[in-house]
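Below is one structure, written out as structure tokens; the observations come after it.
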Amino acid sequence: MQIPPFNVREIREQFPALRQKIYGKNLIYFDNGATSQKPQVVIDAINRYYAVENANIHRGVHYLSQRATTEFEASRIRIQKHINARKSEEIIFTKGTTDSINLVAFSYGELLNKGDEIIISAMEHHGNIVPWQMLCARKGLVLKVIPINTKGEIIQEEYDKLLSNKTKLVSVIHISNTLGTVNPVKEMIKKAHAVGAKFLLDGAQSIQHMKIDVADLDCDFYVFSGHKVFGPTGIGVLYGKEALLDAMPPYQGGGDMIEKVTFEKTTYNHLPHKFEAGTPHIAGGICLGTAFEFLSTIDLIESEAYERELAHYAEQVLETFEDLTIIGTAKNKTSVVSFNVKGLHPFDIGTLLDKQGIAVRTGHHCTQPLMDFYKIPGTVRASFAFYNTKEEIDFFAEALEKSINILR
Ligand code: 7TS
């Protein structure tokens, strides 16, 4: 299919949420790091599913069940193709990024032994910290943290020092949800493999901002949430290399994940079903496929460049403010601008921006250790998607100035 030229106006038209007014003001949605808005095709697909397609999957002889099964599995294949996985069996549907990481922490964790080491970075989301802490407590493993510099970049020399033959897994955020840093993960994956460790890439903030190719990256696991990539909430993906997923024990037991059950012994289903116990989020799975169908109509090389330009423009505008500090100044960054204004609390700024129709996130962004590193309670975060515009950033800057004047 020919991808049309990147056109923000045409893309915006597909997102009904962006047309609404909040407190009588045009909505400016700068909270895409938390969740993205949904295009009309995804909303229609959700309605259509529940109106006329609803049935349980992998079990019915009847027409609707077979059709839902076909669509659910077609979505898996669409996602496989989008991220260039070798097989659709390598795509496991989960509830989201957090669920995917917990699955790996439990199941891959079962293969690890006392004294084995796991490495994460200092800029991880709680979802990529706590599951490893729980695993370490359960199995007597050691969690190591790669430090970052004040720009918000992983210190590669420190990473090199932490890697050893004790390292069994490295789990790192691809793009920081708080700082916007794009980590040099391809090189980091190579280094992990050189000591025999596996690599999990937290793609919660990357799949919506760049073309992902898991074969090229050579990561062992890649995880993301459907709701941040223009799809429904409650659905997400764990990509894993087949041999690794095959070697891992099931995470949860129940229907669908079995081959044969007797009271004496149960054998498990093959991939991907081994990791999908119980009735999955069928509508979510199917409509996540629709979200990827939508993504396939967008030139992701162009949109990535456009989003970098938006973030850069926002930084330039914010730098003109007195007493404003941008948190996260990595050389390679995109889509996120976090900041603080001296003497003002992020929450107060966020509240006043909201009254002007602008949605930002304030607080620690589920990265409390990162806030501790910068010795701040939180930030105001504007996070962009390809449907945002420079005009919105200009309006945001005016609104910010008004807010600061009110608070001072
Ligand atoms: N990892 C990263 C990098 C994230 O940004 C998030 C969510 C998660 C994991 C967890 O995703 P979930 O869908 O399972 O909740 N990040 C954010 C955020 O920045 N603001 O709200 C949620």
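Numbering of residues begins at 1 and proceeds along the displayed sequence. All ligand and atom numbering here is 1-based and tracks the order in the structure.
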Next item on the list: Start with the C-alpha distance between Tyr251 and Phe106, add both sets of side-chain angles, then the distance that settles ring pair (Phe, Tyr, Trp, His ring centres under 6.0 Å), and finish with yes or no.
Entry: CA-CA 7 Å; Tyr251 174 44; Phe106 177 84; 5.7 Å; yes
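Side-chain contact check for Leu169 versus Trp132: some heavy-atom pair is nearer than 4.5 Å. Within the 4.5 Å cutoff, no side-chain heavy atoms of Lys331 are placed close to those of Lys151. Looking at Phe221 and Tyr239, their side chains never come closer than 4.5 Å, going by heavy atoms from C-beta outward. Looking at heavy atoms from C-beta onward, Met188 lies in side-chain contact with Ile154 at the 4.5 angstrom threshold.
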Using a 3.5 Å cut-off on N/O to N/O, what pairs does ligand 1 make with the protein? A line per pair would be great.
| unit_1 | atom_1 | unit_2 | atom_2 | d |
| --- | --- | --- | --- | --- |
| ligand 1 | 1 (N) | Asp202 | OD1 | 3.3 |
| ligand 1 | 1 (N) | Asp202 | OD2 | 2.6 |
| ligand 1 | 5 (O) | Gln205 | NE2 | 2.7 |
| ligand 1 | 13 (O) | Ser225 | OG | 2.6 |
| ligand 1 | 13 (O) | His227 | NE2 | 2.8 |
| ligand 1 | 14 (O) | Thr98 | N | 2.9 |
| ligand 1 | 14 (O) | Thr98 | OG1 | 2.6 |
| ligand 1 | 16 (N) | His125 | NE2 | 3.4 |
| ligand 1 | 16 (N) | Lys228 | NZ | 3.0 |
| ligand 1 | 19 (O) | Asn177 | ND2 | 2.9 |
| ligand 1 | 19 (O) | Arg381 | NH1 | 2.6 |
| ligand 1 | 19 (O) | Arg381 | NH2 | 3.4 |
| ligand 1 | 20 (N) | Arg361 | NH1 | 2.6 |
| ligand 1 | 20 (N) | Arg381 | NH2 | 3.2 |
| ligand 1 | 21 (O) | Arg361 | NH1 | 2.9 |

Sequence neighbours excluded and cut-off under 3.5 Å, please list the side-chain donor-acceptor pairs for residues 347-355, or say none.
| unit_1 | atom_1 | unit_2 | atom_2 | d |
| --- | --- | --- | --- | --- |
| Thr351 | OG1 | Phe347 | O | 2.7 |
| Asp354 | OD2 | Tyr23 | OH | 3.0 |

